[in-house]
There are 2 protein chains.
Amino acid sequence: MSGPVNLADVARRAGVSQATASRALSGHPHVAGTTRERVWEAARALEYVVSPDASGLARGTTGRIAVVVPHLARWWFGAALEGLSEVLREAGRDLLLYRLGDAVSRQAFFDELPTRRRADAVVLLGFGVDERERERLDRIGVGIVAAGTRVGSHPSVSIDEYAAGRQAMDHLVHLGHRRIGMIVAADPEVDLAQPAGRSSAYRAALADAGITPDPALTVTVSWSAEDGARAMGELLGSPDPPTAVYAHSDEIALGAVRTLRRSGLRVPEDVSVIGIDDHPLAATTDLSTVAQPVGEQGDLAGRMVLAGLAGEPVDPVITVPTRLVIRGSSGRPPAPRPANRRP
Amino acid sequence: MSGPVNLADVARRAGVSQATASRALSGHPHVAGTTRERVWEAARALEYVVSPDASGLARGTTGRIAVVVPHLARWWFGAALEGLSEVLREAGRDLLLYRLGDAVSRQAFFDELPTRRRADAVVLLGFGVDERERERLDRIGVGIVAAGTRVGSHPSVSIDEYAAGRQAMDHLVHLGHRRIGMIVAADPEVDLAQPAGRSSAYRAALADAGITPDPALTVTVSWSAEDGARAMGELLGSPDPPTAVYAHSDEIALGAVRTLRRSGLRVPEDVSVIGIDDHPLAATTDLSTVAQPVGEQGDLAGRMVLAGLAGEPVDPVITVPTRLVIRGSSGRPPAPRPANRRP
DNA sequence: GTGAAAGCGCTAACAG
DNA sequence: CTGTTAGCGCTTTCAC
């Protein structure tokens with residue numbers, strides 16, 4: 001019975017004051033070894049567990065980290081969250097998850113900020129913010145770390161989007177492709193400027209290869225495989241379809257592959273496809289891609305907040321490496337078609 | 001200056017006592033309309049935000065719901081979490097995420113329970129627990145709801161695993177398959193008894209069709225696509241390989257498809273494959289499957305905790321429907337091979 | 001309707 | 001080293 005047992009109960013049982021009990025349990029320096037022992041024993045016997053709220057109230061911290069994500073069902077987010085949650089758990093911090101899917105919930109969240117009262121710091125996971133939101137973030141008084149995106153001048157971990165894009169594009173170019181399509185992924189109200197690097201890599205790679213970009217070969221859709229399929233349809237419908245396609249994500253690339261197959265085209269014999277991410281199913285479906293360490297980004301973001309909270313210096317910008325993974329979806333372009341004249 | 005603004009500040013500015021300010025803001029009945037107005041105005045002007053911790057401490061609740069998951073990177077969990085987080089957000093509850101990946105973290109979590117002090121209720125998402133853990137859960141004093149699994153006699157939402165399995169198996173049987181393999185998914189330290197229904201559906205379907213099960217056609221692996229590929233390899237290595245394979249998940253099914261293709265076998269002409277889930281990439285890869293409403297399970301679980309917290313009656317067991325989705329990976333079995341004798 | 005006062009459970013000076 | 005005394009910021013009887 002009795003309900004939750006409090007510090008007072010422990011103190012009483014150990015025959016010390018509540019203050020001493022508190023000190024003993026939170027491992028303070030100036031406590032006699034034997035006292036400490038007695039207190040711990042009482043706590044154990046009573047199955048005592050501190051109230052983080054009360055403790056936090058008194059101490060002025062919450063012990064919680066807020067994590068903001070725009071999605072949860074997409075692989076990248078789950079994987080990043082997995083890395084992040086692991087370090088936070090080990091550090092004994094609780095993770096408060098905020099999934100802000102639409103403009104309304106974002107508004108509400110950023111307006112109600114002074115998150116101060118809910119968490120000691122916030123991690124933005126693949127969450128691009130606009131001017132207004134950034135300004136709001138800047139003055140909430142708690143540490144901010146971004147992973148997968150840059151957010152103002154706050155510390156962040158991410159890949160080099162441009163470099164990743166170049167790895168993919170250069171691969172296609174080196175294989176000999178000259179007509180290369182790009183499927184841009186963009187989430188209307190979530191990715192503010194996110195894939196800029198991936199897109200500029202496309203243009204730069206083309207320029208470096210002396211290829212004139214054909215606007216008809218770039219199509220922008222949202223991040224789903226379905227949209228990737230649709231985009232490929234458009235590309236195929238253009239007057240002079242590409243022999244290779246560079247997609248901003250593996251999911252999109254897989255959608256593209258499906259459309260190609262349905263259209264009776266072979267991958268990579270007729271059309272090459274490459275994505276970005278190294279989604280687990282990319283290996284399964286033999287998709288060439290540019291791998292990025294996702295869980296590690298979450299992990300690093302976690303370490304950064306912790307460091308910040310501990311008053312340690314924090315690297316302002318960490319860039320994790322990406323790596324070209326050549327699988328079966330990319331190959332040389334088909335022999336040039338016999339052109340439109342009869343022999 | 002100033003730092004966080006408190007209720008006291010609001011009260012002062014509105015010219016009322018803190019008690020009245022509190023009542024006005026939390027929408028209590030006995031407050032004069034004009035007073036209420038004045039308080040709200042002050043609060044707005046000061047951008048006041050309550051401290052959930054202080055408020056909770058005083059009121060005896062936390063305003064938080066703990067959500068426990070064994071994984072985050074696998075689609076099912078992200079999707080379920082998405083549904084759950086949405087209702088909780090709308091209800092103004094914070095979501096505390098606990099990702100318990102291994103035995104150690106589980107131990108720690110369940111031992112430290114009296115979650116009482118961290119959350120008002122806990123939702124187990126696809127998280128099977130063992131005896132010891134269940135016993136622990138039963139006496140922590142907060143509401144418990146399970147989604148995707150049953151946990152003791154706590155309220156739960158899930159599909160009918162057996163029925164789902166039968167939909168998949170019956171489909172294969174009806175197509176004429178007699179040698180059907182099964183790839184069982186099991187997570188050593190996470191799925192305690194979870195896929196029992198999916199496995200028994202296999203045996204029952206076979207029995208109903210008068211087919212003698214061949215132990216060589218059942219192989220158990222973990223939930224990854226890679227393992228599905230490996231499992232399919234084993235199946236192919238058996239003396240008399242199956243003409244159809246029933247996998248416990250789409251990810252596993254996709255792994256199996258890959259092995260088949262690499263072995264030069266066509267799907268579904270040579271071997272049919274069916275999974276469970278209706279993973280977004282199942283549609284993309286034209287995989288037949290049994291669809292389950294995942295986000296909805298999270299959503300319902302959320303509503304159940306909220307109802308419980310509100311003291312409303314809660315359905316003890318909700319079963320959401322599954323649906324056979326026939327795509328291109330399943331078809332009739334190949335014509336019987338010419339048998340091992342020469343004409 | 002509103003204010004005063006007593007905590008919620010814990011921590012942090014400040015004295016001993 | 002340990003106990004006493006104040007709160008942390010808010011809610012809630014209990015009177016007026």
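Chain letters run A, B, ... following the sequence lines, proteins first, then strands; residues in each count from 1.
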Between atom [atom1] in [X] and atom [atom2] in [N], what is the gap in whole Å?
X     : N      : atom1 : atom2 : answer
B:R59 : D:dT13 : CZ    : C1'   : 15 Å
B:D53 : C:dC10 : CG    : C1'   : 12 Å
A:H30 : C:dT11 : NE2   : C1'   : 16 Å
A:L7  : D:dC8  : CG    : C1'   : 15 Å
B:L57 : C:dT11 : CG    : C1'   : 12 Å
B:L25 : D:dC10 : CG    : P     : 10 Å
A:Y48 : C:dG9  : OH    : C1'   : 7 Å
B:D9  : D:dG9  : CG    : C1'   : 11 Å

Look at the side-chain N and O atoms of [X] and state whether any lies under 4.0 Å from the OP1 or OP2 oxygen of [N].
X     : N     : result
B:H28 : C:dT2 : no
B:S17 : C:dG3 : yes
A:S55 : C:dG9 : no
B:T20 : C:dT2 : no

*Of B:V16 and B:A54, the one whose closest DNA chain C nucleotide lies more 5'*: B:V16
_Counting only side-chain heavy atoms from C-beta out, which of D:dT12, C:dG9, D:dT2 sits nearest to B:R117?_
C:dG9
*Short N-O contact, B:E131 and B:R134, less than 4.0 angstrom*: yes
*Contact class for B:T35 vs. all strands (heavy atom < 4.0 Å): base, sugar-phosphate, or nothing?*
sugar-phosphate
_Please classify the nucleic acid contact of B:A19 as base, sugar-phosphate, or nothing, using heavy-atom distances under 4.0 Å._
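B:A19: base contact, heavy atoms under 4.0 Å.
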*B:S55 and B:R59 side chains, donor-acceptor separation under 3.5 Å*: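 Side-chain D/A pair, B:R59 to B:S55: present.
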*Donor-acceptor side-chain pairing of B:R150 and B:S158 below 3.5 angstrom*: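 Short answer, yes.
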*Trace of the side chain to side chain donor-acceptor pair (under 3.5 Å) decision for A:S222 with A:D187*: CA-CA 5 Å; A:S222 82; A:D187 200 326; over 6 Å; no
_Donor-acceptor pair under 3.5 Å, B:R23 side chain vs C:dG3 base_ = yes
*Where each residue is assigned the nucleotide of DNA chain D containing its nearest heavy atom, which of B:S22 and A:Q18 is assigned the position nearer the 5′ end?*
A:Q18
_Check whether A:D130 reaches the backbone of A:R132 with its side chain - one donor and one acceptor, N or O, closer than 3.5 Å._
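Indeed, once roles are kept as given, a pair shorter than 3.5 Å links the two residues.
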